[in-house]
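Reminder, nothing fancy here: chain letters follow the sequence lines and each chain counts from 1. FYI, side chains are in, hydrogens and waters are out, and symmetry mates aren't considered; it's all heavy atoms of this structure. The structure presented is a predicted model; accordingly, all values stated were derived computationally and were not measured.
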There are 2 protein chains.
Amino acid sequence: MFSQSEENYIKAIYHLAVDSSVKGISTNAIAKKLATKASSVTDMIKKLSEKKVVVYKKYQGVTLTDFGKKTATNIIRKHRLWEVFLVEKLNFSWDEVHEVAEQLEHIKSPKLINELDAFLGFPKRDPHGDPIPDSEGNLQIIEKSLLAILNKGEEGICVGVDDTSSEFLQFLDKQEIALGKRIKVIEKEPFDGSFLIKIDDKELSISNKIANNLYIQK
Amino acid sequence: MFSQSEENYIKAIYHLAVDSSVKGISTNAIAKKLATKASSVTDMIKKLSEKKVVVYKKYQGVTLTDFGKKTATNIIRKHRLWEVFLVEKLNFSWDEVHEVAEQLEHIKSPKLINELDAFLGFPKRDPHGDPIPDSEGNLQIIEKSLLAILNKGEEGICVGVDDTSSEFLQFLDKQEIALGKRIKVIEKEPFDGSFLIKIDDKELSISNKIANNLYIQK
DNA sequence: AATAATTTTTAGACGTGACTAAAAATTATA
DNA sequence: TATAATTTTTAGTCACGTCTAAAAATTATT
């Protein structure tokens, strides 16, 4: 069994490893992600190393063991299932779920999470489009690309977001950009990199930054 | 905001106060309830006293302030709503819910709990028949009496249990005694205090101990 | 290659919540 | 009422998870 604090470290290391694809995750990177100090990270890393969750060599960062990875995906599974529950059943909007899911993901009860999964109809994605690992920890990789790489005239289905901050998600709500919607690139503006796109037969302009935070499936 | 530990103490003091109706709750009683040591209780009591949750005078036990009572009923509200959720939606039996609800009751999110309440249809009782406080902390007192005080020929509706241990609840399941069922006392055996009762037109004998753990409403 | 800058680790401290052992206060008993 | 038994508190310690400040190791720069 792991403490909430340990679980937060495990999750942070997992996420950093996935979207950096570097062998060793640095102490500083973890500290930054968890808004804590490097010295605290060193302490925790030692403990996780003793518990066989990570492999650690001084000054060389950490790597999750298979056990550590499985632990991480299990926490992520719980987090994402709770997010689905909050949005589908309790009328939360997608920008409100994160904080609560951060708490709920630490609840210990295998029965709870498997029943919740069934109750929700075994969802494949969370409200932000991220895949939900199965109970064995397997996570299906989803083919997705940034809207920004589409060329004029190409289109795709919106399947996820990169940035999950409230500001960004609320902006998307306001523009009526949502998961599952078909987006077509009408024009790319070379000057500022902005995009003219078409959703629901309405045209709107989005900045390059937005285009780099929206995932689509061709 | 209170830590999980603080919340557990507040809840324990509340429960002890309710079903003992004594002015001051003793250090030892709290220690016993929480399976901890008296010295730990003294420490925590000092902290809760500083936080205006309890009134405390050395060697004279503690009493919850109005603020403390409100905090307690709010925790109990969360606990019982989660229990309803687990039984009604996630197929938990009434003897499995306690442990998980003990964790879920500490989740901090007013929106979560109010939406959950609505999602469940504003239930009035938890799976053990205990009343669920409203969002203002008001708890409706339910008229109930022990099955044991019924006389021969009298009957009532089963509305709750006193003991909530798995053993007892599973025993009730096995005998098909459940909340809402009509129970009639056919015979009281003076020798051992056991009861011959009728449920669903079936007669069965229950011990005096069982009769003293079942609440009915006349 | 030597020095500077950065990263990482160590050392020592602190708050929380727990414990043991011993002292103090209260309550019960002879 | 004096003594015994019990309850409660205090004093000191400990694990967890955090921090600051300083030392050590690594990486970058000239």
Side-chain angles (χ1 to χ4, degrees), chain A residues 1-14 16-17 20 22-64 68 71-72 75 102-103 105-108, chain B residues 1-14 16-17 20 22-64 68 71-72 75 102-103 105-108:
Chain A
M1 275 305 126
F2 296 102
S3 70
Q4 294 200 185
S5 202
E6 287 170 331
E7 289 191 348
N8 287 336
Y9 275 90
I10 294 167
K11 199 168 49 125
I13 295 165
Y14 180 88
L16 288 167
S20 82
V22 174
K23 341 87 257 268
I25 302 304
S26 77
T27 304
N28 256 10
I30 299 168
K32 192 176 175 188
K33 182 129 195 161
L34 293 177
T36 185
K37 296 298 154 75
S39 54
S40 310
V41 175
T42 303
D43 288 348
M44 181 58 89
I45 277 171
K46 283 178 184 164
K47 195 163 35 132
L48 292 179
S49 180
E50 278 164 25
K51 291 194 175 186
K52 309 288 182 198
V53 174
V54 297
V55 175
Y56 167 60
K57 282 231 180 101
K58 275 188 188 176
Y59 296 97
Q60 282 169 231
V62 293
T63 320
L64 286 170
T71 304
I75 301 164
E102 286 285 299
Q103 299 178 60
E105 73 188 2
H106 300 296
I107 303 293
K108 264 102 180 156
Chain B
M1 275 304 126
F2 297 102
S3 70
Q4 295 202 183
S5 203
E6 289 170 331
E7 290 192 346
N8 286 336
Y9 275 90
I10 294 167
K11 198 168 49 123
I13 295 166
Y14 180 88
L16 288 167
S20 82
V22 174
K23 341 90 260 260
I25 302 304
S26 76
T27 304
N28 255 11
I30 299 168
K32 192 177 175 188
K33 182 127 194 164
L34 293 176
T36 184
K37 294 300 154 74
S39 55
S40 310
V41 175
T42 302
D43 288 348
M44 181 58 90
I45 277 172
K46 283 179 185 165
K47 195 162 37 131
L48 293 179
S49 180
E50 278 164 25
K51 290 193 175 186
K52 307 291 181 196
V53 174
V54 298
V55 174
Y56 167 60
K57 282 229 180 101
K58 275 189 189 175
Y59 295 99
Q60 282 169 230
V62 293
T63 320
L64 286 171
T71 305
I75 301 164
E102 286 285 300
Q103 298 178 61
E105 72 187 4
H106 300 297
I107 302 293
K108 265 102 180 157

Got a second to check how far [X]'s [atom1] is from [Y]'s [atom2], nearest 0.5 Å?
{"X": "B:Thr42", "Y": "B:Tyr59", "atom1": "OG1", "atom2": "OH", "value": "9.0 Å"}
{"X": "B:Lys11", "Y": "B:Gln4", "atom1": "NZ", "atom2": "CD", "value": "10.5 Å"}
{"X": "A:Lys57", "Y": "A:Ser49", "atom1": "NZ", "atom2": "OG", "value": "10.5 Å"}
{"X": "B:Lys58", "Y": "B:Thr27", "atom1": "NZ", "atom2": "OG1", "value": "12.0 Å"}

Nearest listed nucleotide, side chain of [X], among [options]:
{"X": "B:Thr36", "options": "D:dT18, C:dA18, C:dT8", "result": "C:dA18"}
{"X": "B:Met44", "options": "D:dC19, C:dA18, C:dT8", "result": "C:dA18"}
{"X": "A:Ala38", "options": "C:dT9, D:dT9, D:dC19", "result": "C:dT9"}
{"X": "B:Lys37", "options": "D:dT20, C:dC19, C:dT8", "result": "C:dC19"}
{"X": "B:Ser39", "options": "C:dT26, C:dC19, D:dT26", "result": "C:dC19"}

Could you give the [atom1]-to-[atom2] distance, from [X] to [N], as a whole number of Å?
{"X": "B:Tyr59", "N": "D:dT10", "atom1": "OH", "atom2": "C1'", "value": "8 Å"}
{"X": "A:Asn28", "N": "C:dT7", "atom1": "CG", "atom2": "P", "value": "5 Å"}
{"X": "A:Leu48", "N": "D:dT18", "atom1": "CG", "atom2": "P", "value": "11 Å"}
{"X": "A:Lys57", "N": "C:dT9", "atom1": "NZ", "atom2": "C1'", "value": "17 Å"}
{"X": "B:Lys58", "N": "C:dT26", "atom1": "NZ", "atom2": "C1'", "value": "14 Å"}
{"X": "B:Asp43", "N": "D:dT10", "atom1": "CG", "atom2": "C1'", "value": "9 Å"}
{"X": "A:Met1", "N": "D:dC16", "atom1": "CE", "atom2": "C1'", "value": "18 Å"}
{"X": "B:Tyr56", "N": "D:dT10", "atom1": "OH", "atom2": "C1'", "value": "10 Å"}

### Query
When only distance counts, do a donor and an acceptor, one from the side chain of B:Ser26 and one from the base of D:dT8, lie under 3.5 Å apart?
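There is none.
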Reckon [X] touches a base, only the sugar-phosphate, or nothing at all at heavy-atom distances under 4.0 Å?
{"X": "A:Ser40", "value": "base"}
{"X": "A:Ser5", "value": "sugar-phosphate"}
{"X": "A:Thr42", "value": "base"}
{"X": "A:Lys46", "value": "sugar-phosphate"}

### Message
Is the phosphate of C:dT9 approached by A:Thr27 (side-chain N or O, under 4.0 Å from OP1 or OP2)?
### Response
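For C:dT9, OP1 or OP2 has a side-chain N or O of A:Thr27 closer than 4.0 Å.
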#### Entry: Short side-chain N/O contact from B:Tyr9 to OP1 or OP2 of C:dA18, under 4.0 Å
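Answer yes for this pair, as a side-chain N or O of B:Tyr9 is under 4.0 Å from OP1 or OP2.
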### Message
Looking at B:Lys108, I'd like to know if its NZ atom is crowded, meaning that more than 12 non-hydrogen atoms belonging to other residues, nucleotides or ligands lie closer than 6.0 Å.
### Response
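Yes, NZ of B:Lys108 has more than 12 neighbouring heavy atoms, counting only those of other groups under 6.0 Å.
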